[in-house]
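For reference, the structure discussed in these notes is given below.
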Amino acid sequence: MTRSWGRAGAEDTGGALDRYAYAYLAGGGRRVAESAVVALTEQGALSLRAGRLRPTGDGVPAAHAVEHAVIAACPRSTRVREVTEAVGRSQPVDDIARRLVRLGLLGGRRRRTTRAGRRLLAAAASEGTLPGYVLHGPTALATGPIRHGLLGAHPVPDGLGRTLRRMGKALDDDHGPSAEASPGGGHGCGGSSGGD
């Protein structure tokens, strides 16, 4: 049985929101998918090992449409990234986004959290009744296979990774051994003339 994490503050915007609606406000479709993976793994319905999800056949059945989408996305051992990407684009997640747009908590086209949505998130964070991973993602989880599997599923994008590597190399070049050997931190050139 999955608990519904409703808030009194959401009632004036059209009814209580569950944890997956808060997850969408906090981090979009991927956060919703990750939250469902964590919930199902904690319930024992899924096993996450070595970056792969598989149904266990144990635990309580999925009670939310997003949880059903997660289980449907991994009928056998499947990479976590494939599951979270598929579920993040699924109909149940789109339904959550549409409802949040109707409530004025997300902007229409780009689906960014509005001021009202940010206030609702801040209130939920101050209440402290939502699981940390809903608001802050997998980094809020204790060290273990679930945290490792989710964080490893979405590595740094290639473009950003290349840029960071180039920046690191440039810093290494500026502060490498040749920079230290030359007075004033510059690169020496030429050397001495003379000799044989």
Side-chain angles (χ1 to χ4, degrees), residues 1-7 16-101 105-106 110-113 117 120-121 124-125 128-162 164:
M1 173 171 116
T2 302
R3 286 178 60 185
S4 177
W5 299 87
R7 300 281 160 272
L17 299 179
D18 63 17
R19 76 169 83 185
Y20 298 119
Y22 280 96
Y24 198 104
L25 287 174
R30 187 166 103 189
R31 179 72 52 81
V32 175
E34 290 171 344
S35 296
V37 165
V38 174
L40 289 166
T41 305
E42 287 179 344
Q43 293 169 15
L46 289 178
S47 169
L48 198 162
R49 299 235 187 277
R52 298 185 75 84
L53 281 169
R54 73 176 176 78
T56 62
D58 301 334
V60 262
H64 193 282
V66 172
E67 295 172 358
H68 286 287
V70 168
I71 290 173
C74 58
R76 60 190 173 286
S77 180
T78 309
R79 289 182 6 204
V80 176
R81 183 176 187 168
E82 291 175 23
V83 174
T84 57
E85 286 178 355
V87 173
R89 294 186 310 264
S90 69
Q91 187 62 50
V93 172
D94 191 53
D95 291 343
I96 291 170
R98 288 173 190 260
R99 178 174 180 229
L100 293 172
V101 168
L105 302 173
L106 280 183
R110 301 176 99 189
R111 292 187 173 172
R112 296 199 181 204
T113 307
L120 205 58
L121 278 174
T129 53
L130 282 171
Y133 60 82
V134 169
L135 298 175
H136 307 292
T139 57
L141 295 168
T143 302
I146 301 173
R147 176 187 164 109
H148 180 72
L150 286 169
L151 289 176
H154 298 279
V156 176
D158 281 344
L160 177 59
R162 280 193 299 270
L164 292 173

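Computed from a predicted structure; not experimentally measured. The figures here come from the full heavy-atom set of this structure, side chains too, leaving out hydrogens, waters and symmetry mates.
A distance of 12.0 Å separates OG in S47 from CG in L40, rounded to the nearest 0.5 Å. Here L141 contributes atom CG and T41 contributes atom OG1; the two are 9.5 Å apart, rounded to the nearest 0.5 Å. Atom CG in L151 sits 11.5 Å away from atom CD1 in I146 (nearest 0.5 Å). Atoms OG1 and CZ, on T84 and R89 in that order, are 9.0 Å from each other to the nearest 0.5 Å. If you take CD on Q91 and NE2 on H68, they are separated by 15.0 Å, rounding to the nearest 0.5 Å.
When all heavy atoms of A69 and P92 are compared, the closest pair comes out as CB-CG, 4.2 Å. Residues E34 and P138 approach most closely at OE1-CD, 3.3 Å, considering heavy atoms. Closest heavy-atom contact between A140 and R147: N-NH1, 4.4 Å. Between Y133 and V38 the shortest heavy-atom distance is CE2-CG1, 3.4 Å. Looking at every heavy atom in both residues, L121 comes nearest to Y22 through CD2-O, 3.8 Å. Residues A36 and V70 share a closest heavy-atom pair of CB-CG2, 3.6 Å.
Using a distance-only test at 3.5 Å, with no hydrogens or angles considered, a donor-acceptor pair links the side chain of R31 to the main chain of L135. Panel note: side chain R54, backbone T78; no donor-acceptor pair is recorded below 3.5 Å. Looking at S90, its side chain never comes within 3.5 Å of a backbone N or O of G88 through a donor-acceptor pair. Here the side chain of T56 pairs a donor or acceptor atom with the backbone of G44 at under 3.5 angstrom.
The pair R98-D94 meets the salt-bridge criterion, since a charged nitrogen lies less than 4.0 angstrom from a carboxylate oxygen.
Counting heavy atoms from C-beta outward, Y24 and R99 have side chains that stay 4.5 Å or more apart. Q43 has its side chain within reach of E67: a pair of non-hydrogen atoms, C-beta onward, lies under 4.5 Å apart. Residues C74 and L46 meet the side-chain proximity criterion, which asks for heavy atoms closer than 4.5 Å. With a 4.5 Å cut-off on side-chain heavy atoms, T113 and L105 do not count as touching. Annotation: side chain of V93 is in contact with side chain of V87 (closest heavy-atom distance under 4.5 Å).
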Checklist entry - Is there a side chain to side chain contact (heavy atoms under 4.5 Å, CB included) between L17 and L120 once you walk through the steps? => result CA-CA 10 Å; L17 299 179; L120 205 58; 3.4 Å; yes
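Considering only residues two or more places apart in sequence or on other chains, R49 meets the salt bridge (Lys or Arg N to Asp or Glu O under 4.0 Å) condition with none of them.
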